[in-house]
There are 2 protein chains.
Amino acid sequence: MASEPRAASAPKDRTTFREVMAEIRHRITEGSWGPGTLLPAEVALAREFGCTRTTINRALREISDLGILDRRRKAGTRVRLAPRREARFEMPIVRAEIEKAGATYSYTRLSHDILTAPDWLCERLRLPDDAQVVHLICLHRANGAPFQLEDRWINLAALPEAGAEAFVLVGPNEWLVATVPYSEVEISFQAEAADALAAAHLGHPSGAPVFVAERTTWWKGAPITHVRLCYRPGHRMTTHY
Amino acid sequence: MASEPRAASAPKDRTTFREVMAEIRHRITEGSWGPGTLLPAEVALAREFGCTRTTINRALREISDLGILDRRRKAGTRVRLAPRREARFEMPIVRAEIEKAGATYSYTRLSHDILTAPDWLCERLRLPDDAQVVHLICLHRANGAPFQLEDRWINLAALPEAGAEAFVLVGPNEWLVATVPYSEVEISFQAEAADALAAAHLGHPSGAPVFVAERTTWWKGAPITHVRLCYRPGHRMTTHY
DNA sequence: AAGGATATTATGTCTACACATAAGGAGAAG
DNA sequence: CTTCTCCTTATGTGTAGACATAATATCCTT
């Protein structure tokens, strides 16, 4: 039940930083403040919007974080000449990605070995020559159809617990996320020709173009894991803003 | 070492939100606040750090923006179970990308037509059937070697000035950035087999895997341009954080 | 026990003010 | 004319306090 003591008391008309943001972004996209325009100083805007400079500051800071404004002390705030052109992709856990699309997720561990790291991996992760690693190959399916082939390497020296885990029920992806906290990451995307393994499991001809994401992860400076994710044919990585 | 009585000048003993951020992030990465941990409330942290709740709030908000913390009213702040996994790629203008790598940039316009938009483009940009568009094919080179093939479509109804431009000296990319302010964008990455055109200009065999970025842009709700960028063989899109 | 109103509480945000800091610009010195 | 100060100015950030809001927890009712 809505109690009505506010009727007489607080009209609640304060301008919020969101309103300021919206209005300023509007002025920019509408063209009245084109690229390069110097905006009024914060105090002036505060007067115009009828709020404090703090609120204006918050609004401008957030717009600036979006890459639309360029702010410098003394020089003032101006609309960026060239917007910061960046693409931002959410890379959720495969399971979440598949389930979000309304499909049923299933997982299969195809192989599991503990061995000495191959040379290319040592180089990539800056590991000693005799480093022991877990090597896994797993397939993630959406509604039974192959979705992603995961080729995962885990550094046992950094994460000895990984040696005791079989990764039969829980994929290494989810196991790692739950085990290792936040870490340093390097991600790269590329197009490659499908090798025999990918072709066999993802169901395209060998040599067909596959979208590949590679991710290397460190924790406290120590290399943890390197993974190569091959997507099924036709996969698109999309973002909108 | 306790609070050292500072000299008479006031060289700032105040705890900044950056210090708070650093310390909290440290506690998270160090493991003392593992995934799922509920952080002390802002007032408690303010007491601990010897600053106001405002400062703590700012720090926590920024960490939260990074996708590391999860904040809810009344429920409190907790370390996210699964970090928001996002990949952020800078997509500078090709010229900048090439010059940043220390190479010499050169540009060639391969073709230029004004025609009625093909069906697939009408669908993609939600254009009327008889929409007139500019169609360009351009090649961007780094040190003379093919780097990127640009296949660009511009909606003349939304941007009539484009009809008067020849795009011989300035690429459509740069021209557009200087002409159209901020806009809505959709970007997607994918792996494709090189068609005859891409193969011919980028110098790989037809059918080889190419990394393709597509970008569609709107301004004030109206479709402006659609571009398809095919990268030279071996191109990797990389990011680190 | 189930359901619904209400109290409690942690975060969200605004105001008002103060001082810090970077950097443009004017004026002085060479 | 050039270069170096120093002043001015716009943004950056901290303090203190108040009210707003969402969501959980509790208590009351049926």
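Below, chains carry the letters A, B, ... as their sequence lines are ordered, and counting in each starts from 1. Atoms considered below: every heavy atom in the structure, side chains included; atoms not considered: hydrogens, waters and symmetry mates. Model, not experiment: these values are computed from the prediction.
Residues satisfying the salt bridge (Lys or Arg N to Asp or Glu O under 4.0 Å) test with Arg72(B), not counting sequence neighbours, are none. Take Thr216(B) and apply the side-chain contact (heavy atoms from CB on, under 4.5 Å) test, not counting sequence neighbours, and it matches Arg124(B), Leu125(B), Trp218(B), His226(B). Partners of Glu90(B) under the salt bridge (Lys or Arg N to Asp or Glu O under 4.0 Å) rule, at least two apart in sequence or in another chain, do not exist in this structure. Residues passing the side-chain contact (heavy atoms from CB on, under 4.5 Å) test with Glu165(A), sequence neighbours excluded: Phe167(A), Trp175(A). Among residues two or more places apart in sequence or in another chain, the side-chain contact (heavy atoms from CB on, under 4.5 Å) test is passed with Ala157(A) by Asn155(A). Applying the side-chain contact (heavy atoms from CB on, under 4.5 Å) test to Arg88(A) and every residue at least two apart in sequence or in another chain returns Glu86(A), Glu86(B), Arg88(B). Remark: Tyr105(A) pairs with His140(A) by the ring-ring contact (aromatic ring centres under 6.0 Å, His included) rule, at least two apart or across chains.
Whole-Å rounding puts the Glu62(B) CD to dT11(C) P distance at 16 Å. For the pair Arg14(B) CZ and dT13(D) P, the interatomic distance rounds to 13 Å; values are reported in whole Å. Going from atom CZ of Arg61(A) over to atom C1' of dT11(D) covers 11 Å, rounded to whole Å. For Leu60(A) and dC14(C), the CG to C1' distance is 16 Å, given to the nearest whole Å. Rounded to a whole Å, the CD1 atom of Ile56(B) is 10 Å from the P atom of dG14(D). In this structure, Arg58(A) places its CZ atom 8 Å from C1' of dG12(C), rounding to the nearest Å. Spacing between atom CG of Leu69(A) and atom C1' of dT11(D) amounts to 13 Å, rounded to whole angstrom units. The separation between Leu45(B) atom CG and dT9(C) atom C1' is 15 Å, rounded to whole Å.
Aromatic ring pairs are classed by plane angle as parallel below 30°, tilted from 30° to 60° and perpendicular above 60°; the pair Phe147(B) and Tyr231(B) is perpendicular. Aromatic ring pairs are classed by plane angle as parallel below 30°, tilted from 30° to 60° and perpendicular above 60°; the pair His235(B) and Phe211(B) is tilted.
Contacts between residues 47-55 of chain B and DNA chain D, defined by a heavy-atom separation under 4.0 Å, are made by Cys51(B), Thr52(B), Arg53(B), Thr54(B), Thr55(B). Near-neighbour residues of DNA chain D inside residues 70-78 of chain B, defined by a heavy atom below 4.0 Å, number-ordered: Arg72(B), Arg73(B), Lys74(B). Residues from residues 37-44 of chain B lying near DNA chain D, meaning a heavy-atom separation below 4.0 Å, are absent.
Sorted by first then second residue, the salt bridge (Lys or Arg N to Asp or Glu O under 4.0 Å) pairs that include residues 35-53 of chain B, not counting sequence neighbours, are Arg27(B)-Glu48(B), Glu42(B)-Arg53(B), Glu42(B)-Arg71(B). A salt bridge (Lys or Arg N to Asp or Glu O under 4.0 Å) check over residues 218-228 of chain B, counting only residues at least two apart or in different chains, returns the pairs Glu30(A)-Lys220(B), Glu192(B)-Arg228(B), Glu214(B)-Arg228(B).
OP1 or OP2 of dG12(D) lies within a sub-4.0 Å distance of a side-chain N or O belonging to Asn57(A).
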